[in-house]
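Below you'll find the structure, written out as C-alpha cells, and then a few comments.
Note that the structure is predicted; figures quoted are calculated from it, not measured.
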Amino acid sequence: MNNPSGLNPSTDTLPHAAARTAAVDQDGEAGMVATVLVIDDDPTIRLLIASGLQRKHYQVILATDGQQGLEAFERHAPDLVLVDVSMPGLNGFDTLRAIRHGQAGSKGRHAPLLMLTGYDDVDSIKEAFEAGATDFLTKPINLALLTERVRYALSGAEREKALREAQLEQASACKLARLGFWHLDVPSGSLYWSEGAAEMLGWPSLPASVESFLALVSEDDRPRLETALTVASHNREGLDLEFSLGLGSLERTVRLQSAEQASEQRLVGAFQDVTTLRAFEDKALYLAAHDELTGLPKRHCFLSLLAEQLSQASETRWLVAALDISRLHRINEALGIRAGDQALVLFSRRLKQHVPSHALLGRLEADTFGVALPLSAQEDPRLVFQQWLAPLARAQRIAGEDVYIDFSAGASVFPDDTRDAEALLGAALQAQRLSRTQSGNQKLYFHNEFPGSCDASALSLEAHLQQALQKDEFFLVYQPQQHLAGGHISGVEALLRWQHASRGVISPVEFIPLLEETGLIVEVGDWVIQDACRQLAEWNRAGMDLRMSINLSAVQFTQPGFAKHIMAHVVSHGLTPSQLELEITESAAMRRPEHTLEILLELKELGFYLAIDDFGTGHSSYDYLLRFPIDTLKIDRSFTKGITQGRASRAIIRSLTTLSQGLGFRTVAEGVETQRQRDYLEALDVDEIQGFLLARPMAASHFASFMRNTSIRTRPTFPGVAALVSGEGTAPGS
C-alpha cells in the first residue's frame, strides 16, 4: 500500500535525522530546520498537522500517545511540542507536566508547548496554562493559524533563550558594579577578594578561606551562611543573604550575593557593606514599605526614617531635597509605559551612584524622588547639593532611542526651615514645584529663597488655564480601537491635550484635576464634545464609519440639562447619539451613584452608548453595575500590562469578560502594547483593544492618513451608523 505521508508504520513517527540540516525558510532564506513533535492519538489529525508543517519546512516527529511522546522528547529534544488534550493513558495535561517538570532538564523547562484541544471552556484553558502550556489551539485545526502560532512560538523561544544566555553571562558583572566581589574555589575552600575589599570594610585584610571567614561571622548568622554556601556550591544555585561580620570593634552588616553558577568548582559573587543603610531601616518595614520598581522607600517610609534621624540629630543640620523627572509623560506617550519605567529605574540608579552612601533615598510619587543627608557645620547646603546634582541629568538609551532625562529640584534645610520631618519634605516639594515653572533646565531652588510663594506653581498654572480655551491652546488627539474578531478599526477615543505657551504640551494628569477643582472642566468639557462631534462628522463625510468615545468628568454630571446639552451638539453636526460612546471612570461614577444612575438613564434613553472606564481599579460595585445602563466595560491598562506575566491578571480579565458577556456588555482592553498581550486578550474573549500596538494618540490629520495607509479598514459596529454615511459607508479604496 502506498504511504505518501512518509510515516514509518511500526513507530508512527516521521523519519528524523539526528543532525539539523539547512533548509529554506518561509521567507526564502537559508536557515536551520526546526523540529516539531506532534503528540495526538488521532491519525487523521497527525497526518493533517504533519502535512501542513512540512510544507512550511519544519521537521516533524509523530507520537500516538503521551508516553510515546515523552520518549520521543527525551530522544530527539524537539524545538516545539504540539500536544492533544484527550488521549488514552497519559492525557495531554499530564504529558505537559511531565515534559515541563520531569527529567528533560532545561530543554523541557523552556521548550514552547502548544496544547491542541477541542474544549473551549475556561477550566480547560486554565488547566492548560497551569500544566505549562505556552499557548493553546482549538479544534478543528486551522492549518494557516497553526503554522503561524508555531512560527510565533519558536521566535519567542529563541528570544527567551538569547535573553537567558545574556543574563547568565552578565549577572555577576551587574552585581559587581559599585560593589566588592568574591571568588570561592569550592574544592580547596580558598576565598579571593577584589582589590579594595578590605578597605571598603575598614579592615586590614580579609580571610583567605571559608573556615576563617565563618569564624568572623556572628554565632546567630553562621549556620545560615554555612548552609547557603553549601547549597550554592553543590546545586549551582545563587545565594542572597545578610549577616553580621565582626573583627574586634569593626563590626559590619554584609550582604552576600551570587547568581546561578555554571560550574560546581567555583562560586563568584558580590558583597556590599549595608551597615549604614540597615541602621536607617527597620527590616520589617523594609519588606512592606519599598517601591517595587526602584527598590527605594516609599513616601511614608522615607518620612519615618527621616523623622527617626532628625530626632537623634541634636544640632546636626540635614539637607532634604525633592527631585522631579521632567516630562515623564512624554516618554510614556512616545515610547510606552515600559520605557517610562526604565527611565525611573535609571534615574534611581544614578541617585544611588552619585549621592553619598549615608544619604536617605526614597520614591515619593510617580516621578518624584526624595534625598536626605546630614551636613557638617562647615558645609554649604547648596555646594553639597550641586556636587552630585549635575551628573544626574544626561541622555540615556531607552527603547532604542536616546532620551534626555532632565529634572527639577527643590530643597529645604533642618533646622533652618523647620524641625518637623513632614513639613521639611513639604517645603522641599514646594521649592521643587516652583523650580519646575522657571525658565531653563535643571533649576534648583531652596525653600528660603521664596518665602510666602509655596503655591506659586499651582496659582500660575491656574491663571494660564483660565485663558487657555480663549487662546485655542487645547486640542484633541485620537487613539484607534480595534475589533478583535473582525480585525477592523471600530472606533476612536478622543483625548484632551494642552499646548502651553511656554511649557509646551502639558500632561492631562497635571491640568485636568485643576480643571475639575476650579470648575473649568464644564466649559472645557463642552468644547471637547463639540470638537469631537465636528471631527466625527468630517470623517463621516470622508466615508469612515467610526464610533467616537468621549471621556466625561464627574463634575459635568452635576450640571442641569447635561444630557440634552450633549444631544444639541450631536444634532447640530448631523450625527446620531449611537455614534458616540460616553465614558465615565468607575471612581467618578461612584461618587454620587444615585445621581449618576439618573444621568446615565437619561443619556441611554436619548440613544448614547455608555462605558465605564478603568473598571476594576476603584469601587467595583456590582450592585450599581447591574443597575447602570452600561454598554461597555473598559479594562484598565494595569491588568493588560500583567496579562503575560502571571495568572492573576489573566484571571481578573477572564472574570470581567465572563461578567460582561453575561450582562450583555462589550469589553475593551486598554494599554495593549505587544502582540503577545493581544493574543491573550483574544483568547480570553475580550471584544476590542486599544493601545500602542495599534497606534499612539494622533492628530486628526494623521489619523486620516493612518486609515488610508493601514491595511485595517473600518466597518459599522453599532446599528444606524452606516445609514449616516453616503454610498456604501466604507473607507475610500477598501
When you measure from the side chain of [X] to the backbone of [Y], do you find a donor-acceptor pair of N or O atoms at a distance under 3.5 Å?
X: R224; Y: E242; result: yes
X: T368; Y: E365; result: no
X: T35; Y: D79; result: no
X: R363; Y: A366; result: yes
X: E226; Y: P223; result: no
X: R654; Y: L684; result: yes
X: R222; Y: V217; result: yes
X: S258; Y: L267; result: no
X: R100; Y: A111; result: yes

Kindly determine whether F446 and R382 satisfy side-chain contact (heavy atoms from CB on, under 4.5 Å), including the steps that lead there.
CA-CA 8 Å; F446 277 76; R382 179 174 290 277; 3.5 Å; yes
Does R696 make a cation-pi contact with F692, if we ask for NZ or CZ under 6.0 Å from the ring centre and within 45° of the axis?
yes
Would you kindly check if the NZ (Lys) or CZ (Arg) of R650 is within the cone defined by 45 degrees around the ring axis of F129 and under 6.0 Å from the six-membered ring centre?
yes
What do the steps show when you test D679 against R676 for salt bridge (Lys or Arg N to Asp or Glu O under 4.0 Å), and what is the final call?
CA-CA 5 Å; D679 288 345; R676 187 167 174 80; over 6 Å; no
Give the ring-plane orientation class for W193 versus F271, where under 30° counts as parallel, over 60° as perpendicular and anything between as tilted.
perpendicular
Can you tell me how far apart [atom1] ([X]) and [atom2] ([Y]) are? Round to the nearest 0.5 Å.
X: L346; Y: T294; atom1: CG; atom2: OG1; answer: 12.0 Å
X: L293; Y: L344; atom1: CG; atom2: CG; answer: 6.0 Å
X: F414; Y: L375; atom1: CZ; atom2: CG; answer: 11.5 Å
X: L229; Y: L214; atom1: CG; atom2: CG; answer: 6.5 Å

Option among D221, V254, L206 that satisfies the side-chain contact (heavy atoms from CB on, under 4.5 Å) test with L245:
V254
Hydrogens and angles aside, do S408 and Q432 bring a side-chain donor and acceptor to less than 3.5 Å of each other?
yes
Other residues, nucleotides and ligands only: do more than 12 of their heavy atoms fall within 6.0 Å of CD on E422?
no
Do NZ/NE/NH1/NH2 and the carboxylate oxygens of R338 and D341 come within less than 4.0 Å?
no
Salt bridge E127-R97, side-chain N to carboxylate O under 4.0 Å:
yes
Hey, would you say the F213 and W182 ring centroids sit under 6.0 Å apart?
no
Under 6.0 Å between ring centres: does that hold for F369 and F407?
no
